[in-house]
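Here the structure comes first, spelled out in structure tokens, and everything after it is commentary.
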Amino acid sequence: VDQTYIMVKPDGVQRGLVGEIISRFEKKGFKLTGLKLFQCSKELAEEHYKDLKQKPFFPKLIDYITSGPVVCMAWEGVGVVPSARKLIGATDPLQAEPGTIRGDLAVQTGRNIVHGSDSPENGKREVALWFKEGELCDWTPIQAPWLRE
Ligand code: GTP
Ligand code: MG
């Protein structure tokens with residue numbers, strides 16, 4: 001089954017939006033399998049965003065992501081990767097639709113409060129990068145039969 005790596009970035013933590021952001025995914029009906037507050041190293045941030053290494057904003061992006069604790073989450077479910085991206089909204093919060101996390105709660109690309117994996121392959125890669133095996137839980141939510149026929 002698909003998994004995605006969702007992260008509340010340091011601005012989301014500082015602004016007190018952790019509960020609100022977790023709640024969006026929880027209410028939608030995905031399964032939380034990993035959750036922690038974490039101060040990430042420069043090395044981990046660089047590995048996570050390695051595809052953006054050539055971008056002019058890369059050094060600023062690494063400073064931003066390492067500027068304070070983040071909340072790391074692993075979520076599971078059929079179709080969770082594209083669905084989570086839709087819940088999050090466009091990279092630029094001013095372009096993000098109202099109703100999305102960025103559309104409702106942020107105003108600038110460089111402070112867009114949340115990350116979501118962009119493909120199932122990256123979902124797997126990022127969950128494995130940010131969590132040790134013992135930090136993930138497999139469990140059976142009791143609401144399962146009320147979410148899918
Ligand atoms: P993530 O979920 O964080 O990966 O965002 P995304 O997939 O919507 O965008 P992308 O992967 O292209 O960029 C990763 C992150 O880099 C963005 O979420 C922003 O925080 C940051 N970023 C992207 N483009 C810019 C930019 O032009 N300027 C600045 N300052 N930051 C940018
Ligand atoms: Mg991305």
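Note that ligands are numbered from 1 as they come in the structure, with each ligand's atoms numbered from 1 the same way.
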Purely on distance, is any nitrogen or oxygen of Lys9 under 3.5 Å from one on ligand 1? yes

Checking Glu46 now: which residues fulfil side-chain hydrogen bond (donor to acceptor under 3.5 Å, both in side chains) with it, not counting sequence neighbours? Lys42

For ligand 1, note which part of Thr109 has a heavy atom under 4.0 Å away: side chain, backbone, both or neither. both

Take the angle between the ring planes of His115 and Tyr5 and call it parallel below 30°, perpendicular above 60°, tilted in between. tilted

Quick one: closest heavy-atom pair of Lys50 and Arg125, and the distance? CE-NH1, 3.8 Å

Within reach of ligand 1, part of Leu52 (heavy-atom separation under 4.0 Å): side chain

In this structure, CZ of Phe30 is separated from CG of Leu87 (nearest 0.5 Å) by 6.5 Å

Is there a donor-acceptor pair under 3.5 Å between the side chain of Asp104 and the backbone N or O of Gly99? yes

Heavy-atom distance to atom 5 (O) of ligand 1: which of Arg102, His115, Lys60 wins? Arg102

With a 4.0 Å heavy-atom cut-off (strictly under), which part of Thr91 contacts ligand 1: side chain, backbone, both or neither? both

Restricting to heavy atoms, the pick from Leu61, Asn112, Asn122 nearest atom 17 (C) of ligand 1 would be Asn112

Do other residues, nucleotides or ligands put more than 12 heavy atoms under 6.0 Å from Trp139 CH2? yes

Between Ile22 and Leu35 the two heavy atoms that sit nearest each other are CD1-CD1, 4.0 Å

Touching ligand 1 at all, Met7? Heavy atoms, strictly under 4.0 Å? no

Nitrogen or oxygen of Gly110 less than 3.5 angstrom from that of ligand 1: no

What's the shortest distance from atom 7 (O) of ligand 1 to any protein heavy atom, and which residue and atom give it? Arg85 NH1, 2.7 Å

On a heavy-atom basis, which atom in Leu52 and which in Phe58 lie closest, and how many Å separate them? O-CD1, 3.4 Å

Suppose I only count heavy atoms of Gly116 and a 4.0 Å limit; which atoms of ligand 1 are within that range? 2 (O)

Of the side chain and backbone of Glu126, name the one, both, or neither that has a heavy atom under 4.0 Å from an atom of ligand 1. neither

Atom 27 (O) of ligand 1 has as its nearest protein heavy atom Phe57 CD2, 3.6 Å

